[in-house]
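Following: one structure in structure tokens, then a few remarks.
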Amino acid sequence: MSSEVSRWLVAVVALALALPLLTGCAVNQGTALASDFEEHWGGTPDVAEVVVHGYNTLPFSGTATGTLVLREGTPPERVGERAEALREYVAREGSVTGRITADDITFTVAADEGRTREVLALWASLRSDARVVDGDVGAATLRGEHRWQARVTVVDADGALAVFDDLLGGGGRHRPPSDPMAVEVVTASGARPGLSIRSELDGRLPTEALAAYEAVVAELPVAGATLRDTGLSITVADPADLDAALALAREAAPGMDPAALHVGAARVG
């Protein structure tokens, strides 16, 4: 074997041995971050469970999401303390998303102190609302700007409309963050009528769909509806009301594309 080949082999072996040490990162960086999160937070007071997910996007590159599930009955002030400690952790780690579940509401902790205070205030207002069954407030990015995404389950359709207005229409019961927030409010399983109403991440509201829905539900029994900026899907309780429902919806929302308005019946025949 030539000396040149020998030197090449030695270099390759040395590189292979050094790879795990480069930049202090494991090959499956997402898995390592998740493991570190679990080890760091396991056994923390008030924490009943630590749920982690690692995402290995590329060799030596990845992210992780860790959720602290707090014990039932953890006082709000302790939730705040855990949120601040988790904020410091994610600010330090950089590639970790930290979340907290308390009183059936899950929220993402931001590295920014002000944003964390705001999402904590929203958590507090949601948990104290008897109309709210559960919820999730996550973070998103649109064109490089921080946004929030909230999904809230409520007891009934009236509650869904009211909570949606509180969060986006200035209803006043809740304290939404100062950053833009997309909101979806849905009724709990078994609620009649069932309702899902959603705004979009870019701020678009289902204004036309909401007007059409309210016009129909004021006059006819409704089994369920889905309201989006892109249109309305509504189910009336009686097939005999199909034509009347369609007419009411079109009159209330003349700007809606007719192709985006779908009316069906819960019972056929």
Side-chain angles (χ1 to χ4, degrees), residues 48-49 51 67-74 76 79 99-108 119-140 148-177 181-201 204-207 209-238 241 245 249 262-268:
E49 183 181 7
V51 180
T67 303
L68 306 182
V69 181
L70 301 190
R71 299 185 189 282
E72 184 176 353
T74 299
V79 176
R99 314 194 76 210
I100 288 177
T101 298
D103 292 332
D104 297 316
I105 309 291
T106 300
F107 61 94
T108 295
V119 76
L120 190 61
L122 178 57
W123 165 81
S125 68
L126 288 173
R127 71 177 286 274
S128 64
D129 189 337
R131 300 167 300 184
V132 174
V133 176
D134 57 49
D136 189 300
V137 184
W148 296 102
Q149 288 181 298
R151 190 178 193 276
V152 181
T153 304
V154 297
V155 293
D156 56 29
D158 288 342
L161 294 173
V163 170
F164 188 83
D165 183 57
D166 283 343
L167 290 170
L168 292 175
R173 171 66 185 264
H174 295 296
R175 300 172 58 186
M181 181 170 64
V183 173
E184 181 177 12
V185 182
V186 301
T187 50
S189 176
R192 291 293 181 269
L195 182 63
S196 171
I197 178 170
R198 186 182 75 195
S199 70
E200 304 302 323
L201 196 60
R204 287 177 293 131
L205 298 173
T207 307
L210 181 56
Y213 170 79
E214 290 183 324
V216 175
V217 79
E219 299 290 337
L220 302 170
V222 170
T226 300
L227 286 63
R228 302 288 185 264
D229 171 70
T230 52
L232 167 68
S233 176
I234 189 166
T235 302
V236 292
D238 191 335
D241 292 332
H262 304 280
V263 179
R267 294 187 291 109
V268 178

*Evaluate the side-chain proximity of Met181 to Leu122: yes if any heavy-atom separation is below 4.5 Å, no if none is.*
yes
*Distance-only, no hydrogens or angles: does the Trp123 side chain make a donor-acceptor pair with backbone N or O of Ala102 under 3.5 Å?*
yes
*Taking all non-hydrogen atoms of both residues into account, name the closest pair between Arg71 and Thr74 and its distance.*
O-OG1, 2.6 Å
*Before accepting this row, confirm whether a basic side-chain N of the pair Arg131/Asp166 lies closer than 4.0 Å to the acidic partner's carboxylate O.*
yes
*Where do Ser125 and Arg173 come nearest, in terms of heavy atoms and distance?*
CB-O, 4.2 Å
*Non-hydrogen side-chain atoms of Ser199 and Phe164 separated by less than 4.5 Å*: yes
*Before giving the answer on side-chain contact (heavy atoms from CB on, under 4.5 Å), spell out for Val222 and Tyr213 the whole-Å C-alpha distance, their side-chain angles and the decisive distance to 0.1 Å.*
CA-CA 9 Å; Val222 170; Tyr213 170 79; 4.3 Å; yes
Sequence neighbours excluded and cut-off under 3.5 Å, please list the side-chain donor-acceptor pairs for residues 229-237, or say none.
residue	atom	partner	partner atom	Å
Asp229	OD2	Arg204	NH1	2.4

*Carboxylate-amine/guanidinium proximity below 4.0 Å for Glu184 and Arg228*: yes
*Could you tell me whether the side chain of Asp165 reaches within less than 4.5 Å of the side chain of Leu161, counting heavy atoms only?*
no
*Answer yes or no: is there a donor N or O on one side and an acceptor on the other, between the side chain of Thr187 and the main chain of Leu195, under 3.5 Å?*
yes
*asked:* Could you check whether any side-chain heavy atom of Val133 comes within less than 4.5 Å of a side-chain heavy atom of Val155, counting everything from C-beta outward?
replied: yes
*Check whether any side-chain N or O of Ser128 sits under 3.5 Å from a backbone N or O of Ala124 as a donor-acceptor pair, and report yes or no.*
yes
*Is there a side-chain contact (heavy atoms from CB on, under 4.5 Å) between Gln149 and Leu201 once you walk through the steps?*
CA-CA 7 Å; Gln149 288 181 298; Leu201 196 60; 3.7 Å; yes
_Here's a test for you: under side chain to side chain contact (heavy atoms under 4.5 Å, CB included), which of Val132, Asp134, Asp104 qualifies with Thr153?_
Asp134
*Listed partners of Asp136 passing side chain to side chain donor-acceptor pair (under 3.5 Å), at least two apart*: Arg99
*May I ask you to say whether Arg127 pairs ionically with Asp103, meaning some side-chain N is under 4.0 Å from a carboxylate O?*
yes
_Thr106 and Val137: CA distance, side-chain angles, deciding distance, side-chain contact (heavy atoms from CB on, under 4.5 Å) verdict_ = CA-CA 6 Å; Thr106 300; Val137 184; over 6 Å; no
*Has the side chain of Asp156 got a donor or acceptor atom that lies under 3.5 Å from a matching backbone atom of Gly159?*
yes
*Are Arg198 and Val183 close enough that some pair of their side-chain heavy atoms sits under 4.5 Å apart?*
no
*asked:* Do Thr101 and Leu70 have side chains that approach each other closer than 4.5 Å (heavy atoms only, starting at C-beta)?
replied: no
*Can you check side-chain contact (heavy atoms from CB on, under 4.5 Å) on Val216 and Glu214, steps first, answer last?*
CA-CA 5 Å; Val216 175; Glu214 290 183 324; over 6 Å; no
*Side chains of Pro221 and Asp238 in contact at under 4.5 Å (non-hydrogen atoms)*: no
*Is the closest side-chain heavy-atom distance between Phe107 and Ile100 below 4.5 Å?*
yes
